There are 2 protein chains.
Amino acid sequence: MLAATICVDCAVRDQSLCGSLTNSELHALNTLGRRRIVRRGETLIWAGEDNILCANLLSGVLKLVASSGDGREQIVGLLYPADFVGQPYPGQADFSVSALTDAEVCIFPRASFERVLTDHARMERLLLQRTLAALDEARSRMLTLARKSASEKVAGFLVDMATRAAATGCRGTPRGPVTFDLPLSRGQIADILGLTIETVSRQMTQLKTRGVIGLPGGRAITIVDRDALAARADPA
Amino acid sequence: MLAATICVDCAVRDQSLCGSLTNSELHALNTLGRRRIVRRGETLIWAGEDNILCANLLSGVLKLVASSGDGREQIVGLLYPADFVGQPYPGQADFSVSALTDAEVCIFPRASFERVLTDHARMERLLLQRTLAALDEARSRMLTLARKSASEKVAGFLVDMATRAAATGCRGTPRGPVTFDLPLSRGQIADILGLTIETVSRQMTQLKTRGVIGLPGGRAITIVDRDALAARADPA
DNA sequence: CGTAACATTGATCTGGATCAAGTGCCGTGG
DNA sequence: CCACGGCACTTGATCCAGATCAATGTTACG
């Protein structure tokens, strides 16, 4: 039957939380999980709503957005394939989750997922470890948002994206120039870094002018001098 | 013997992670834990060092500090009594932990604590829930740091402190003016909010001038009009 | 008391926001 | 095939919140 085979061809089977389960344990999830496509721009979870779902991200990129009462927004996290989405315990969601690119998720009803967690200590431990890592990352970003200059923010962001791109696979050699596509618009980069579109754009052209990066067009970016970029991100 | 009685008079026995353990289970911790005083200004954990300890905070206030290579600092979290301190899994600490006031902690060797955690699913779950809550808080603060104005930051901070002071107990009535002592210097408040001492000071005097708060002297503060303060913190 | 750390207040400077045009890049339709 | 319109991006001019620099005032403590 279809439900029993949902995990078999899962692209993130090993990297996701489910990787902690044995094949037989997967059966439980098989009956709970549903694949779902989320279109670019679509919102999967709305801030303020009750937590009703958990999910594993299979493909695409999602953003976690915090917003103030009067509409200012800040992207407080990005989610990549194999990342866990949502809150396993009851309560209201504090942040919205929406798709930056077309994405596919494997969805579980929250309550069922909570039960799976309590039944599978290994999975719960894995989630704890991921959550601790996410917390460290969030706290690091607090330093960036509060204390770094615009040029440090942009350089740091590009280093992060280059690292991630290298992890997946992209044109170019690891040591020399590397070219890849940013999955984000200038506006979204601004939302991540706590800047405006204009400032991001100006920093990018400045980096191009100084020969640190290249901007071949569209959302493509070439890292010409990774060390210079890293140095700008973190002035010792 | 002393070790066996360490938890008996623990002030935070019920609110801390240990509250999830039965009396008999506490015996295991009893043999592992050691009380320790941390003086105001003293550092308990240094960023970059290996995680070697976990702890429960018994009294006082600790700060979690992120710093950039060139010395800029940002307080990325405050820890209050009953809060958990440290990382239960191997690795390097990303942040320093030091005492804002004289404090007392109940310390466990990291490896032992990890073992306790794996043996006690209830405790692990509690830690997961706390970590998820801390993550939400960190993300909320990302919005504050990146998008809020100085006056919104200070007002929000004072509301938080007032709420916390009310939770413990302080002079004044809940609805009318409430007076309490801030456990932090202006400089430390600045480190939390991503501002400078001068800006924090100016915002405080402005709030006093407008009759929203009173500054009786020292670190004392009177909340005169809590609603006005909350409105300044979150302009709808 | 004296002094050292902390806090307020004032004057000035500046990085990044805001406001305002351009410019290039498709996709659509004529 | 090219004109058109919409969007994302770049570039320029100006403005302003908050940083920085510089005294001065205040509190706590030996």
Side-chain angles (χ1 to χ4, degrees), chain A residues 40-41 68 70-74 100-101 143-158 181-210 213-222 232 235, chain B residues 39-41 63 68 70-74 100-102 143-158 179 181-210 213-222 232 235:
Chain A
R40 172 181 220 271
S68 66
D70 59 351
R72 281 166 288 174
E73 286 197 351
Q74 177 63 35
L100 290 178
T101 67
L143 176 65
T144 301
L145 289 172
R147 301 295 183 185
K148 300 249 183 139
S149 69
S151 76
E152 289 168 329
K153 286 178 180 179
V154 171
F157 171 78
L158 291 178
D181 275 328
L182 294 173
L184 303 155
S185 72
R186 294 287 185 272
Q188 287 159 349
I189 296 172
D191 282 349
I192 290 172
L193 299 177
L195 298 170
T196 57
I197 294 180
E198 295 94 324
T199 301
V200 172
S201 185
R202 278 187 248 269
Q203 293 302 329
M204 295 280 233
T205 43
Q206 190 170 101
L207 287 172
K208 187 179 70 172
T209 305
R210 310 226 174 148
I213 62 170
L215 297 169
R219 297 212 171 144
I221 182 162
T222 305
R232 275 158 187 279
Chain B
R39 294 260 157 247
R40 173 182 219 270
K63 64 174 177 179
S68 66
D70 59 350
R72 281 167 288 174
E73 287 198 349
Q74 176 64 35
L100 290 177
T101 65
D102 286 349
L143 177 65
T144 301
L145 289 172
R147 302 294 183 185
K148 300 250 184 136
S149 70
S151 76
E152 290 169 328
K153 287 178 180 179
V154 171
F157 171 79
L158 291 178
T179 299
D181 275 328
L182 293 174
L184 303 156
S185 71
R186 295 288 185 273
Q188 286 158 349
I189 296 172
D191 281 349
I192 290 172
L193 299 177
L195 298 170
T196 58
I197 294 180
E198 294 95 324
T199 300
V200 172
S201 186
R202 279 186 247 270
Q203 293 301 328
M204 295 279 234
T205 42
Q206 190 171 100
L207 287 172
K208 187 179 71 172
T209 306
R210 310 223 175 152
I213 63 170
L215 297 170
R219 297 212 172 145
I221 182 162
T222 305
R232 275 159 186 280

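Note that this is a predicted model, so its numbers are computed, not measured. Chain letters run A, B, ... following the sequence lines, proteins first, then strands; residues in each count from 1.
- Remark: B/Ser185 is not in phosphate contact with C/dA5, judged by side-chain N or O atoms under 4.0 Å from OP1 or OP2.
- The nearest whole Å value for the distance from the NZ atom in A/Lys148 to the P atom in C/dG15 is 18 Å.
- Within residues 191-202 of chain B, the residues approached by DNA chain D to less than 4.0 Å at the level of any non-hydrogen atom are B/Gly194, B/Leu195, B/Thr196, B/Glu198, B/Thr199, B/Arg202, in residue-number order.
- With the nearest nucleotide of DNA chain C identified for both A/Gly218 and A/Ser151, A/Ser151 has the one nearer the 5' end.
- When rounded to the nearest whole Å, the span between CD of B/Gln206 and C1' of C/dA7 equals 17 Å.
- Heavy-atom minimum distance, A/Ala150 versus A/Thr199: CB-CG2, 3.6 Å.
- Judged by distance alone, with hydrogens and angles left aside, the side-chain atoms of B/Arg147 form no donor-acceptor pair with the main-chain N or O of A/Arg72 at under 3.5 Å.
- For A/Lys153 and C/dG15, the NZ to C1' distance is 11 Å, given to the nearest whole Å.
- At least one side-chain heavy atom of A/Leu145 sits under 4.5 Å from a side-chain heavy atom of A/Gln74.
- For A/Leu207 against A/Arg232, the heavy-atom pair with the smallest separation is CD2-CD, 3.6 Å.
- Distance, B/Glu73 CD to D/dA19 P: 16 Å, rounded to whole Å.
- Regarding B/Gln203, its CD atom lies at a distance of 14 Å from the C1' atom of C/dT8, rounded to whole Å.
- The separation between A/Leu215 atom CG and D/dA8 atom P is 18 Å, rounded to whole Å.
- Within the 4.5 Å cutoff, the side chain of B/Ser185 has heavy atoms near those of the B/Arg219 side chain.
- Whole-Å rounding puts the A/Arg219 CZ to C/dG24 C1' distance at 15 Å.
- Straight-line distance from the CD1 atom of A/Ile221 to the C1' atom of D/dT10: 15 Å, rounded to whole Å.
- Residue A/Gly187 is the one, among A/Arg147 and A/Gly187, whose nearest nucleotide of DNA chain D lies closer to the 5' end (criterion: closest heavy atom).
- Using a 4.5 Å heavy-atom cutoff, the side chains of B/Ile221 and B/Leu215 are in contact.
- For the pair B/Gln203/B/Lys153, no side-chain contact is recorded, criterion being any heavy-atom separation below 4.5 Å from C-beta on.
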